[in-house]
Chemist: 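Handing you this structure, nothing more for now.
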Amino acid sequence: MITKEQQRTNFSGEFTKSDLVGKRVTVNGWVLNYRDHGDLTFVDLRDRSGYVQLVFDPQANPDAHAAAKKLRHEDVVAATGIVLERQPELVNPRMATGKYEIKIDKIWVLNKSKTPPFQLDEPEIGEEVRLKYRYLDFRRPQMYNNMLMRSKMTGTIRNFLDDNGFLEVETPILNKSTPEGARDFLVPSRMQHGQFYALPQSPQIFKQILMVGGIERYYQIARCFRDEDLRADRQLEFTQIDIEMSFVTQDDIIDIMSKMIAKILKDNYNTDIKLPIRRMTYKDAIDKYGIDRPDLRFGMEIVDVTETVKDCEFQVFKNVIAAKGMIKCLPVPDGNRLSRKDLDELIAFVGRYGSKGMAWMRVKDGKLESNIVKYFSDDVQKKLIDATGAKEGHALLFIGDANSKVVYDSIANLRLEVGERFGLRGKDKIELVWVVDFPLFAWNADENRWDATHHPFTAPKMEQIPMLDTSPGEVLSDAYDLVMNGIELGGGSIRIHDPEVQSKIFRLLNIDDESAKVKFGFLLDALSFGAPPHGGLAFGFDRIVMLFQKLDNIREVIPFPKTQKGQCLMSETPSGVTKVQLDELGIRAVEVKANK
RNA sequence: GGGGUUGUAGCUCAGUUUGGUUAGAGUACUGGCCUGUCACGCCAGGUGCCGCGGGUUCAAGUCCCGUCAACCCCGCCA
């Protein structure tokens with residue numbers, strides 16, 4: 001409880017200018033630190049705005065001084081007194097409010113604190129203890145700043161979309177389960193035993209339905225759920241900026257979303273980016289960077305040398321070529337800095353992605369050298385130097401494999417790893433690119449059918465629709481991803497608005513009419529009632545905040561994240577439930593951990 | 001499901017390579033002294049399931065096996 005008298009007149013961080021000097025002020029906050037000199041005592045009082053020094057003089061105010069001597073870290077206090085300008089020699093230049101202090105004549109201890117489990121001013125606390133005591137973690141300026149910027153960014157986004165005629169519409173959290181895509185979180189139905197809801201992986205179908213409903217411009221800051229394994233940039237639940245628009249082209253969507261991203265950066269980080277954001281085709285991205293989300297903060301483009309080395313005597317390459325595989329080369333400027341140890345580490349690194357090895361050469365005195373150069377004739381060597389543009393001091397790193405996925409995964413990540421080691425991936429650089437012209441389908445060799453590259457509602461390029469019958473693998477789609485520094489911020493597509501085309505796509509995806517009807521019948525129905533041409537996209541909001549805050553872990557910008565095993569260390573979620581609860585739901589657990 | 005890293009005082013970490021006396025430092029905490037500090041200083045004090053379980057050994061924080069947790073990665077996920 002707090003009284004009117006105790007309530008703050010000013011935030012602690014406000015005392016940076018002389019206008020408050022001589023005034024009586026009241027501050028509220030937490031004890032950041034205390035310095036007891038026996039008589040004269042200082043307390044740094046922190047609130048969310050910063051901190052200010054309180055002075056307690058036993059001569060002037062013996063009661064307040066006596067109370068101050070008992071203060072400890074994180075006690076909650078209200079204090080009132082007169083703002084003083086410090087003598088020049090007493091100014092603390094490292095402190096925002098270091099020119100001023102408050103001479104306190106009355107203090108109220110609103111709440112004592114137990115000794116905190118970690119020191120809030122320690123910069124590197126183990127994440128486990130931070131997550132367990134997240135409420136203390138929030139008191140640290142870094143975390144407060146992450147939450148503040150997250151909030152500011154949603155504000156910018158809402159304002160921007162509002163100004164551009166978007167409606168914020170909510171969609172259900174309890175949905176129909178579909179086996180495609182990620183694993184669903186299931187919620188049992190109490191009223192219909194054996195039936196389940198699924199939490200949304202994204203509001204995809206509903207936002208298309210809203211377009212059919214004539215909403216025309218929709219957005220939602222939507223929580224999404226995917227029951228898959230966690231990573232540094234993946235949580236079980238995460239937030240999407242979800243967008244859908246009617247009567248638009250791909251260019252319209254790319255244009256307006258580019259402006260939104262530019263505005264977020266301008267308004268919150270005072271950072272200008274050049275519009276339009278550059279574009280790159282999926283094919284170029286794969287050819288040059290081996291991946292559909294290229295990190296363009298540095299060059300080092302990949303070169304295909306399968307043809308170039310076809311006449312070499314190096315058995316590994318010969319075997320790859322015989323198996324109709326591919327050989328890619330990463331030319332590394334200044335690559336002679338890579339020691340044998342570095343190279344061995346890189347060989348181990350590409351092993352993660354299935355590569356059985358990594359060949360390498362160095363350019364020295366205009367010639368190639370390494371343990372395998374002898375298997376390459378002078379002619380082949382010359383061709384290699386030409387093809388890769390290798391210059392003095394370059395290293396050429398080679399990945400060859402019969403399996404093209406192994407080659408691309410390995411060389412793409414090798415490029416990133418070398419870039420990392422050479423310090424080319426600075427967090428201050430922002431390199432945005434729209435990757436466009438994705439193939440509509442990817443061949444699923446395991447199940448001998450086509451998979452949707454984006455999702456089953458993505459529109460093929462209009463002029464390529466006839467190719468669906470003849471060469472579906474070559475059909476491109478109106479799909480687009482926005483990539484920043486090698487991380488996908490978001491992506492979307494123009495959707496199919498013609499129920500016949502949609503049915504045809506389902507058939508190619510091996511979803512027969514019957515199951516299409518069961519799973520998506522209401523969408524197909526909706527499309528048949530005058531669905532407007534429409535499209536949209538979704539941004540991974542947590543990732544955007546993470547990147548803009550120059551962090552490399554999404555948990556830093558999510559208030560209450562889960563650990564890699566899906567636990568909340570603070571609330572100890574998940575947990576057991578009572579038998580009564582299960583009975584109501586018609587559920588029986590096969591294995592039961594002791595209920596807490 | 002798999003590979004790797006880490007786990008020692010409330011916190012941050014040293015000690016583990018090469019087993020050997022009573023396991024250390026800083027900070028936090030408790031008490032005392034100190035009127036200008038701001039990472040205040042000085043004095044004194046308590047602080048340990050060395051993640052857990054088993055094994056080897058005369059002897060284990062240290063070696064071996066298993067296990068748990070957190071993190072990074074592969075698979076998975078768009």
Side-chain angles (χ1 to χ4, degrees), chain A residues 32-45 51-60 65 69 72-74 84 86-95 97-99 101 103 114-133 136 180-184 201-202 204 224-236 238 240 292-293 348-355 405-406 409-410 413 417 435 438 442 451-455 458 479 481-483 487-493 537-540 543 552-553 555 562-567 569:
Chain A
L32 173 66
N33 203 4
Y34 53 93
R35 292 173 292 280
D36 179 357
H37 288 220
D39 283 338
L40 199 62
T41 294
F42 303 94
V43 170
D44 295 331
L45 192 76
Y51 67 100
V52 67
Q53 174 166 279
L54 312 182
V55 192
F56 296 86
D57 184 341
Q59 314 277 286
H65 178 259
K69 281 178 83 84
R72 293 297 178 266
H73 289 106
E74 298 308 312
L84 303 177
R86 299 195 199 180
Q87 298 296 315
E89 68 274 18
L90 302 179
V91 166
N92 182 350
R94 289 187 306 282
M95 189 172 161
T97 59
K99 284 171 138 171
E101 61 193 5
K103 189 165 186 183
K114 290 206 295 192
T115 301
F118 57 89
Q119 287 160 254
L120 302 208
D121 54 356
E122 164 75 45
E124 309 227 349
I125 310 290
E127 199 182 2
E128 247 177 295
V129 71
R130 285 177 53 204
L131 289 178
K132 179 167 181 187
Y133 300 96
L136 298 179
E180 287 81 20
R183 191 177 297 113
D184 279 328
Q201 297 179 23
S202 81
Q204 181 60 38
C224 303
F225 305 85
R226 291 176 191 167
D227 190 5
E228 298 292 348
D229 286 353
L230 290 77
R231 286 285 193 284
D233 61 352
R234 272 162 38 189
Q235 281 275 306
L236 298 179
F238 59 98
Q240 282 189 347
D292 61 1
R293 47 186 162 89
F349 176 81
V350 296
R352 284 189 209 173
Y353 304 95
S355 189
K405 180 172 157 45
V406 167
D409 283 356
S410 300
N413 285 293
E417 176 66 15
V435 178
F438 281 79
D451 276 342
T453 304
H454 185 56
H455 58 50
T458 301
D481 280 357
L482 181 60
V483 173
I487 295 179
E488 183 195 323
L489 296 188
S493 60
L537 87 175
F539 287 110
R543 280 187 193 171
D552 41 31
N553 193 305
R555 293 184 300 275
K562 307 263 188 297
T563 67
Q564 204 161 54
K565 282 241 166 73
Q567 303 238 23
L569 296 180

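From a predicted model like this one, the values you see are computed outputs, not experimental measurements. In what follows, chains carry the letters A, B, and so on, assigned in the order in which the sequence lines appear, proteins first and then strands, with residues in each chain numbered from 1.
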Chemist: Heavy-atom count check: over 12 atoms from other residues, nucleotides or ligands less than 6.0 Å from R130(A) CZ?
Modeler: yes
Chemist: Both distances under 3.5 Å, Watson-Crick or G-U wobble: report the partner of A70(B), or none.
Modeler: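 The answer is U5(B), by the H-bond criterion.
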Chemist: Any side-chain N or O of N413(A) under 4.0 Å from OP1/OP2 of C74(B)?
Modeler: no
Chemist: Paired with A60(B) by Watson-Crick or G-U wobble geometry, both distances under 3.5 Å: which nucleotide is it?
Modeler: none
Chemist: Between atom CD in E124(A) and atom P in C71(B), what is the gap in whole Å?
Modeler: 17 Å
Chemist: What nucleotide, of A70(B), U37(B), A39(B), holds the atom closest to the side chain of Q567(A)?
Modeler: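 That would be A70(B).
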Chemist: Side chains of R226(A) and F238(A): closer than 4.5 Å at any heavy-atom pair?
Modeler: yes
Chemist: Please confirm whether any donor atom in the side chain of Q119(A) sits under 3.5 Å from an acceptor in the base of G10(B), or the reverse.
Modeler: yes
Chemist: For the residue pair Q564(A) and R234(A), establish whether any side-chain heavy-atom pair is separated by less than 4.5 Å.
Modeler: no
Chemist: Looking at D57(A) and K103(A), does any basic side-chain N land under 4.0 Å from a carboxylate oxygen?
Modeler: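 Answer for the salt bridge query: yes.
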Chemist: Below the 4.0 Å mark, does A70(B) have OP1 or OP2 next to a side-chain nitrogen or oxygen of T563(A)?
Modeler: yes
Chemist: Any strand counts, and the cut-off is 3.5 Å on both contacts for Watson-Crick or G-U wobble. Which nucleotide pairs with G36(B)?
Modeler: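 G36(B) is unpaired by these criteria.
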Chemist: In this structure, are over 12 heavy atoms from other groups packed under 6.0 Å from K69(A) atom NZ?
Modeler: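 Yes - once you tally the heavy atoms of other residues, nucleotides and ligands closer than 6.0 Å, there are more than 12.
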Chemist: For A44(B), what is the paired nucleotide under Watson-Crick or G-U wobble rules, both distances under 3.5 Å?
Modeler: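 Result: U30(B).
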Chemist: For a quick check, tell me whether the side chain of R352(A) and the base of C73(B) share a donor-acceptor pair closer than 3.5 Å.
Modeler: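 Flag unset: no donor-acceptor pair detected.
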Chemist: According to a cutoff of under 5.5 Å between the ring centres and under 30° between the ring planes, does F118(A) stack with the base of C11(B)?
Modeler: no
Chemist: Quick check on C29(B): is either OP1 or OP2 less than 4.0 Å from any side-chain nitrogen or oxygen of Y34(A)?
Modeler: yes
Chemist: Answer yes or no: does a side-chain N or O of R555(A) lie under 4.0 Å from OP1 or OP2 of C72(B)?
Modeler: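 Result: yes.
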Chemist: Any donor-acceptor pair under 3.5 Å joining the side chain of R231(A) to the base of G75(B)?
Modeler: yes
Chemist: Can you tell me which nucleotide in G36(B), C77(B), G75(B) comes closest to the side chain of Q53(A)?
Modeler: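 So the side chain of Q53(A) is nearest to G36(B).
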Chemist: Could you check how far CD of Q87(A) sits from C1' of U35(B), rounded to whole Å?
Modeler: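 About 14 Å, once rounded to whole Å.
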Chemist: Counting side-chain heavy atoms from C-beta on, which of G36(B), U35(B), C77(B) comes nearest to D39(A)?
Modeler: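 Comparing G36(B), U35(B), C77(B) against the side chain of D39(A), the answer is U35(B).
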Chemist: Stacking between H37(A) and C40(B), defined as ring centres under 5.5 angstrom apart with planes under 30°, is that present or not?
Modeler: yes
Chemist: Side chain of H73(A): nearest nucleotide among A78(B), U12(B), C29(B)?
Modeler: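 Per side-chain heavy atoms of H73(A), the pick is C29(B).
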Chemist: Report yes if a donor N or O on one partner sits less than 3.5 Å from an acceptor N or O on the other, where the partners are the side chain of R86(A) and the base of C38(B); otherwise report no.
Modeler: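 Looking at the base of C38(B), it does pair with a donor or acceptor on the side chain of R86(A) (distance under 3.5 Å).
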Chemist: For E127(A) and C11(B), give me the distance from atom CD to atom C1', rounded to whole Å.
Modeler: 16 Å
Chemist: Does R72(A) have a side-chain nitrogen or oxygen under 4.0 Å from the phosphate oxygens OP1 or OP2 of U30(B)?
Modeler: yes
Chemist: Rounded to the nearest Å, what distance is computed from the NE2 atom of residue H455(A) to the P atom of nucleotide C77(B)?
Modeler: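 These atoms are roughly 16 Å apart.
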